[in-house]
Each structure stands twice: as structure tokens, then as C-alpha cells.
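First up is the structure itself, then whatever we jot down about it.
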Amino acid sequence: MYKNIEKQTKLQMKDLVEYQPGQVISKTLVQNEKVSITIFSFDKGEEISTHAAGGDAMVTVLEGTGKFTVGGETFVLQAGETLIMPKDIPHAVFGQERFKMLLIVSF
């Protein structure tokens, strides 16, 4: 079930979360045993340190530029680009500049 999002309304996903100076902000849209959908905003220079997810994670950058390190390999994504981060592979996310992303984890 979706939460924190209007239904039957045309939306811009990037507008669902705002930037905050010096912070990573997240808004959960769906969380259950099969899937997690979350919108994030990263201020420039902010990061989520290395961790692993219990499911395959798909990120799509909605605005700006983010740097993703997956299993020791670095990927720089810009708006409209998507990356799959496999289950149990360590990864990290860094705000190369301010950016927003959509994260979908399937378990």
C-alpha cells in the first residue's frame, strides 16, 4: 500500500522530497515484505556509507548527479539514468552534487 503520496494525481517524483542543507532526506512510499520504494534527496557532499541490501536495488536519478559505488566499481548517474545494485553486494551513495533519486528494492 502506498503512503506519503497522493493517489489519482499526476506527480513529478522529484517534487515529493525537498533538499535540506547538509542532509540526506528520505520519504518512504511503500514498505512491505516484497518491495520497498523510497525517494531520497542528497545535499552536495552528503552520503550513505557502504552497506548491503537484502534484495536487488534499482535506483533512478531524478535530478542532479549521484555517485554510486557497487562492489568496488564506481558509477556516476545523472537525471534519467538507472542502476541495479544486486542483493548482498556492498554499495554506497554520494552526492557529487545535489541530487534526488528513486530507490526500489525487491525482496
Side-chain angles (χ1 to χ4, degrees):
M1 176 175 292
Y2 283 93
K3 58 183 180 179
N4 299 319
I5 189 170
E6 289 187 52
K7 297 175 180 76
Q8 284 187 256
T9 301
K10 184 176 168 180
L11 302 166
Q12 283 284 338
M13 296 297 277
K14 67 181 182 174
D15 294 340
L16 296 178
V17 66
E18 297 300 320
Y19 293 109
Q20 295 291 330
Q23 295 186 44
V24 175
I25 304 296
S26 66
K27 181 183 281 190
T28 300
L29 304 180
V30 175
Q31 182 72 53
N32 61 47
E33 67 281 350
K34 295 180 181 178
V35 67
S36 171
I37 303 174
T38 310
I39 299 284
F40 287 87
S41 70
F42 287 72
D43 196 16
K44 182 177 182 176
E46 294 302 312
E47 66 183 320
I48 296 176
S49 60
T50 303
H51 63 285
D56 287 336
M58 181 177 80
V59 293
T60 299
V61 172
L62 304 173
E63 179 176 87
T65 303
K67 182 172 78 173
F68 300 80
T69 304
V70 183
E73 191 174 351
T74 300
F75 302 86
V76 176
L77 275 67
Q78 297 180 344
E81 296 181 321
T82 298
L83 175 68
I84 305 294
M85 299 181 290
K87 175 182 177 180
D88 298 327
I89 301 297
H91 59 271
V93 184
F94 178 77
Q96 190 144 324
E97 62 179 62
R98 286 189 344 163
F99 86 103
K100 295 179 181 180
M101 71 178 197
L102 170 66
L103 170 68
I104 301 173
V105 182
S106 56
F107 302 101

Quiz item: Can you tell me how far the NZ atom of K10 sits from the CD atom of Q8, to the nearest 0.5 Å?
Solution: 15.5 Å
Quiz item: Say you draw a straight line from CD of Q20 to CZ of R98; how long is it, rounded to the nearest 0.5 Å?
Solution: 10.0 Å
Quiz item: Of all residues at least two apart in sequence or in a different chain, which pass the salt bridge (Lys or Arg N to Asp or Glu O under 4.0 Å) check with K14?
Solution: E63
Exercise. Considering only Ile, Leu, Val, Met, Phe, Trp and Tyr, and joining two whenever side-chain heavy atoms are under 4.5 Å apart, list the other residues clustered with F42.
Key: V24, F40, I48, V59, V61, F68, V70, F75, L77, L83, M85, I89, V93, F99, M101, L103, V105, F107
Quiz item: Linking Ile, Leu, Val, Met, Phe, Trp and Tyr through side-chain heavy atoms less than 4.5 Å apart, which residues share a cluster with L16?
Solution: Y2, I5, L11, M13, V17, I25, L29, V30, V35, I37, I39, M58, L62, I84, L102, I104
Self-check item: Sidechain-backbone polar pair: S41 side chain, E18 backbone, donor-acceptor under 3.5 Å
Solution: yes
Practice problem: Mark yes when over 12 heavy atoms from residues, nucleotides or ligands other than K7 sit less than 6.0 Å from its NZ; otherwise mark no. | Solution: yes
Quiz item: Can you pull the salt bridge (charged side-chain N to carboxylate O under 4.0 Å, His left out) pairs that have at least one residue in residues 74-89, sequence neighbours excluded?
Solution: none
Quiz item: Please, which pairs that meet side-chain hydrogen bond (donor to acceptor under 3.5 Å, both in side chains) have at least one residue in residues 44-60, sequence neighbours excluded?
Solution: H51-H91, T60-T82
Self-check item: Results of side-chain hydrogen bond (donor to acceptor under 3.5 Å, both in side chains) for T38 - residues two or more places apart only
Solution: none
